[in-house]
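Just so it is clear, the model here is predicted, and its values are computed rather than measured.
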Amino acid sequence: MVYDKTVLNTNTGIRSNSGVDVHPMKILQIITELGGGGAEKIIAMLSEGLAAAGDTLTVVSLLKEPPDTTIPDRLRSAGIEVIFLNGKKLDPFLLLRLRRIIKRISPDVIHAHLMHPNLLSRLASVGLGIPLVNTIHTAEKRAGKKKYFLLDRLTWHLADCVTAVSASAATFHRQACGLKKTVNIRIIPNAVEPVVPAPEELCRSLRDQWCAGADKIIGCVGRLDAMKGFDVMLDRLEPLSRLIPDGEKWLLLVLGDGPDREKLERKAAGLRYENLKIVFAGFRNDAASLMNLFDVFLSPSFCEGYGLAAAEAMTLGLPVVCNRIDALPELCQAYNGDSFLFSMEEDVEGTEMAVQLLSASECERSGGMVLMDKGKMVQMYRRLYEALFRRRKN
């Protein structure tokens, strides 16, 4: 991909490609919630970058403040206003509250992320003359979403520009909405900040706690729900146990939390492998840095609009093994380290996954890579905001 050469000047504001000074803008970002997910991390990086360049940022969460306040605190520390509407996804008054916020702030540009905020932002900004950007972050495959795709198609014209974080996410969304192939969805990949490994002392302590005696550690990071594939992964571990070299003991370490955690822990407790231990360690703010404990990163996910956890593992140079789904093959193709793909749907016995994990465990780490840095992502979105603002103004 060829990136533009816009320069962000944190002292005097933002200078466009033409060399003409652009006045700082008021930008409103809207998202469902501000937990520790991939889209939330992108919101934080984007908002920080824009604020550092002189723009005024407000971030609105449709839901209440999460128990883990890492992302909200990160935004506030950058001088960014954070507003929680304390609603529910089907709250009939959420639309009115959001419209009041938009009118009060009167931003130059609105940028919404994910399905519910995209739909609400279109309706809440009708008639206000404010440029609107919507971003598709995932290939939404959960049941019961057909009505949302229908609403998306019916209100598509209300967004000035729709972007997606990967080509596969754009293709899936276009097909799910029943849009023509000619409908333009601009691809702006997520930024991936190089992961700083956790301190060695912490790694030693956690290794003793979780991984004592493990010769190899297969690591997963993600939300524990059905679309992430952890339940299917557990069903297919027996071939891996058979392939582990004699005398070795391996660990499958899962970092993350979610609605299926208790069910997954019960299922894992019922599996008996002398050479393979399974640990669900829960949510960690420092999960990315703790991937330094892994020998191999595994993503069994059935749904990845981008695959931020896999991309973060790549910045550490880890060998990665991924389900051949959505954006994960795109990431693996771009990676300059060792990557292995398998098909969760076709590999019903788990043998292909097991072979790929064994192969990856024999690889050494690469030097790591950054697929898209924060500055480039901020530049691409800022140019888009500027173009839409100028077009509306004229």
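- Of the residues Ile80, Leu46, Ile71, the one that meets the side chain to side chain contact (heavy atoms under 4.5 Å, CB included) test with Val59 is Ile80.
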_Using side chain to side chain contact (heavy atoms under 4.5 Å, CB included), reason through Asp160 and Val133 one step at a time and then give a plain yes or no._
CA-CA 6 Å; Asp160 292 274; Val133 178; 6.0 Å; no

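- For Phe149, the ring-ring contact (aromatic ring centres under 6.0 Å, His included) partners are His173, not counting sequence neighbours.
- Ile187 and Ser166 make their closest contact through CD1-O, 3.6 Å (heavy atoms, listed as atom of the first residue, atom of the second, distance).
- Note that CG of Leu357 and CE of Met233 are 9.5 Å apart. Values are rounded to the nearest 0.5 Å.
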*Under the salt bridge (charged side-chain N to carboxylate O under 4.0 Å, His left out) criterion, do Lys228 and Glu304 qualify, and how do the steps go?*
CA-CA 8 Å; Lys228 294 301 181 179; Glu304 288 294 348; 2.8 Å; yes

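- Aromatic ring centres of Tyr306 and His137: separated by at least 6.0 Å.
- The cationic atom of Lys141 (NZ for Lys, CZ for Arg) lies less than 6.0 Å from the six-membered ring centre of Phe172 and within 45° of the ring axis.
- Proximity of a side-chain donor or acceptor of Ser47 to a complementary backbone N or O of Ala44 within less than 3.5 Å is not detected.
- Here the closest heavy-atom approach between residue Leu63 and residue Phe84 is recorded as O-CD2, 3.4 Å.
- In this structure, the side chains of Ser366 and Asn336 come closer than 4.5 Å at one or more pairs of heavy atoms.
- No donor-acceptor pair under 3.5 Å is formed between the side chain of Asp347 and the backbone N or O of Ser343.
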*Please report the C-alpha distance between Arg223 and Glu40 in whole Å, then the side-chain angles of each, then the deciding distance to 0.1 Å, and finally whether the salt bridge (charged side-chain N to carboxylate O under 4.0 Å, His left out) criterion is met.*
CA-CA 13 Å; Arg223 178 174 169 79; Glu40 291 85 345; over 6 Å; no

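- For Phe280 against Ala268, the heavy-atom pair with the smallest separation is CE1-CB, 3.8 Å.
- With Arg284 contributing its side chain and Ala281 its backbone, the two residues share no donor-acceptor pair below 3.5 Å.
- Judged by distance alone, the side chain of Ser106 and the main-chain N or O of Lys103 form no donor-acceptor pair under 3.5 Å.
- A donor-acceptor pair under 3.5 Å is formed between the side chain of Arg122 and the backbone N or O of Asp152.
- Between Lys267 and Asp231 the shortest side-chain heavy-atom distance falls below 4.5 Å.
- Between Leu62 and Leu120 the shortest side-chain heavy-atom distance falls below 4.5 Å.
- The CD atom of Gln356 lies 12.0 Å from the CG atom of Leu240; values are rounded to the nearest 0.5 Å.
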*Show your reasoning for whether side chain to side chain contact (heavy atoms under 4.5 Å, CB included) applies to Val321 and Ser299.*
CA-CA 6 Å; Val321 178; Ser299 176; over 6 Å; no

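- Taken from NZ in Lys249 to CG in Leu251, the straight-line distance is 12.0 Å, to the nearest 0.5 Å.
- A donor-acceptor pair under 3.5 Å links the side-chain atoms of Thr155 to the main chain of Leu151, judged by distance alone.
- A donor-acceptor pair under 3.5 Å links the side-chain atoms of Asp295 to the main chain of Ile217, judged by distance alone.
- Around CD of Gln333, the count of heavy atoms belonging to other residues, nucleotides or ligands within 6.0 Å does not exceed 12.
- Results of the side chain to side chain contact (heavy atoms under 4.5 Å, CB included) test with Leu98 over Ile102, Leu96, Leu95, Leu94 single out Ile102 as the only residue that passes.
- One N or O on the side chain of Asp55 and one on the backbone of Met25 form a donor-acceptor pair closer than 3.5 Å.
- Between Ala112 and Ser121, the shortest heavy-atom distance links the atoms CB-OG, 3.4 Å.
- When all heavy atoms of Ala139 and Asp326 are compared, the pair lying nearest together is CB-OD2, 3.6 Å.
- His23 NE2 to Phe389 CZ: the interatomic distance, rounded to the nearest 0.5 Å, is 9.5 Å.
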_Stepwise salt bridge (charged side-chain N to carboxylate O under 4.0 Å, His left out) test for Lys376 and Glu193_ = CA-CA 11 Å; Lys376 289 178 179 177; Glu193 294 180 306; over 6 Å; no

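- Between Leu179 and Val183, the closest heavy-atom pair is CB-CG2, 4.0 Å.
- The backbone N or O of Gly282 lies less than 3.5 Å from no partner atom in the side chain of Asp257, so there is not a single donor-acceptor pair.
- At least one side-chain heavy atom of Glu362 sits less than 4.5 Å from a side-chain heavy atom of Leu358.
- Arg99 places a side-chain N or O within 3.5 Å of a backbone atom of Ala124 that can act as its donor or acceptor partner.
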